[in-house]
Amino acid sequence: MRKIVIALSVLMALTSCVSKKKYAELEAKNKETQDLLNSCTVKLNTCLEEKAGLAATAESYKQHNQDLINSSKDLTILTTKGAENLEKSLESLKEKDLKISRLQDALTKKDSVTLALVTSLKGAVGINDPDIEINVEKGVVFISIADKLLFKSGSYEVSDKAKTVLGKVAKVVNDKPDFECMVEGHTDNVPYKSNGIILDNWDLSVKRSTSIVRVLTNDLGVNPAKLIAAGRSSYVPLVSNDTAEDRARNRRTRIVVMPKIDQFYDMIEKEMKKQAK
């Protein structure tokens, strides 16, 4: 705590700038990945439709050939052109099947990794505490922890009780070297009365985020390179701030746990390039 107070001004300036920049980069990368996944899904649906059409064409050729056989009682009536067309249709159908399989494998791998992470987190953290929520949005896992488990009102000093909860989260993160975390501080919309150290809700949300990051790195052994500190102030509420109960819900720290986005971006991009050939 004493070190935090001594270096407060420098840390607040650096942390806010760096965290906002990293956060913006991550948001942009996440949006880019989601757009690519959406494009991939559209492409997959198109391939499925083309597959159905080719299957119908192949069936039509088969039926046509069978009709010729039945009418002439002679297999030699099957024309060379009809046989070639049937072969081409079947070959095209195989190619579509291969492309569809590649896309499905890429998307399934991403979903499987996300599901495994959620299962690990719920098993380690527990799902019965109403002040801890674990959910998935757009392929990213979110752990939302109510501020009453982490801090005293208006404070950014992490409580001993919080360290127990964060220890469970740290264990899951440490067990998965290819994952990274973004720690987001959130406040309600009640203006913070400056004490000369914390100026406003922006400062408070960032300070709470960096306090959590320090506990994860200094006390719980999480690799600092896997962590991003971010403050959202009161601008991303869960509910309205009309009642004390709703304001309490909005005061939270959200830990965003995700596979390194570049890995999935590269994987999907490779499959899209294969499909374009």
Side-chain angles (χ1 to χ4, degrees), residues 1 3-4 7-8 10-33 113-114 116-118 120-122 124-125 132-147 149-151 155-187 198 202-233 236 251-265:
M1 182 65 190
K3 292 181 180 179
I4 296 174
L8 184 59
V10 175
L11 282 174
M12 287 176 60
L14 293 176
T15 303
S16 297
C17 292
V18 173
S19 64
K20 289 177 184 177
K21 180 179 178 182
K22 288 185 177 179
Y23 179 78
E25 292 174 352
L26 189 60
E27 283 277 345
K29 182 68 74 174
N30 190 39
K31 184 179 183 303
E32 185 178 11
T33 303
V113 171
T114 300
L117 176 59
V118 172
S120 297
L121 285 169
K122 287 187 175 180
V125 178
I132 302 175
E133 296 180 1
I134 301 175
N135 54 65
V136 179
E137 298 175 16
K138 297 181 179 179
V140 179
V141 179
F142 296 93
I143 307 171
S144 185
I145 307 174
D147 268 8
L149 292 183
L150 302 176
F151 310 100
S155 171
Y156 56 86
E157 185 174 356
V158 181
S159 68
D160 291 334
K161 184 177 181 180
K163 293 178 182 178
T164 301
V165 176
L166 293 174
K168 296 177 181 179
V169 176
K171 183 179 184 306
V172 176
V173 175
N174 286 334
D175 288 343
K176 299 184 182 297
D178 293 332
F179 284 71
E180 60 187 9
C181 296
M182 179 166 59
V183 181
E184 293 181 349
H186 295 260
T187 69
I198 301 297
W202 275 114
D203 275 357
L204 180 61
S205 65
V206 171
K207 284 299 298 177
R208 286 182 167 178
S209 174
T210 53
S211 293
I212 295 295
V213 166
R214 288 191 183 93
V215 170
L216 291 173
T217 55
N218 297 338
D219 300 341
L220 301 174
V222 176
N223 181 0
K226 297 173 66 174
L227 299 175
I228 300 169
R232 306 300 301 272
S233 187
V236 190
R251 295 192 299 271
R252 67 202 188 279
T253 295
R254 189 170 73 162
I255 300 176
V256 186
V257 186
M258 69 201 86
K260 292 181 179 178
I261 291 176
D262 287 345
Q263 294 178 356
F264 286 110
Y265 183 86

For a salt bridge (charged side-chain N to carboxylate O under 4.0 Å, His left out) with D147, tell me which candidate from R254, R251, R208 qualifies. R208

What distance do [X] atom [atom1] and [Y] atom [atom2] have between them, rounded to the nearest 0.5 Å?
X    : Y    : atom1 : atom2 : result
S159 : L150 : OG    : CG    : 6.5 Å
K168 : I143 : NZ    : CD1   : 12.0 Å
N223 : L216 : CG    : CG    : 11.5 Å

Begin with the C-alpha distance, continue with both residues' side-chain angles, and end with the deciding distance and a verdict on side chain to side chain contact (heavy atoms under 4.5 Å, CB included) for I255 and L166. CA-CA 10 Å; I255 300 176; L166 293 174; 4.0 Å; yes

For T217 and V213, indicate whether the former's side chain and the latter's backbone hold a donor-acceptor pair under 3.5 Å. yes

Give a yes or no answer on whether the side chain of S209 reaches the backbone of A229 with a donor-acceptor pair at less than 3.5 Å. no

Could you check whether any side-chain heavy atom of [X] comes within less than 4.5 Å of a side-chain heavy atom of [Y], counting everything from C-beta outward?
X    : Y    : answer
T210 : Y156 : no
V169 : V222 : no
E184 : V236 : no

T187: what forms a side chain to side chain contact (heavy atoms under 4.5 Å, CB included) with it, not counting sequence neighbours? N201, L204, S205, S233, S234

Quick one: side chain to side chain contact (heavy atoms under 4.5 Å, CB included) partners of K163, sequence neighbours excluded? V158, D160, V215, D219

If I compare all heavy atoms of G221 with all of N174, which pair ends up nearest, and what's the gap? O-OD1, 3.6 Å

Return the set of residues passing salt bridge (charged side-chain N to carboxylate O under 4.0 Å, His left out) with R252 (not counting sequence neighbours), or none when no residue passes. none

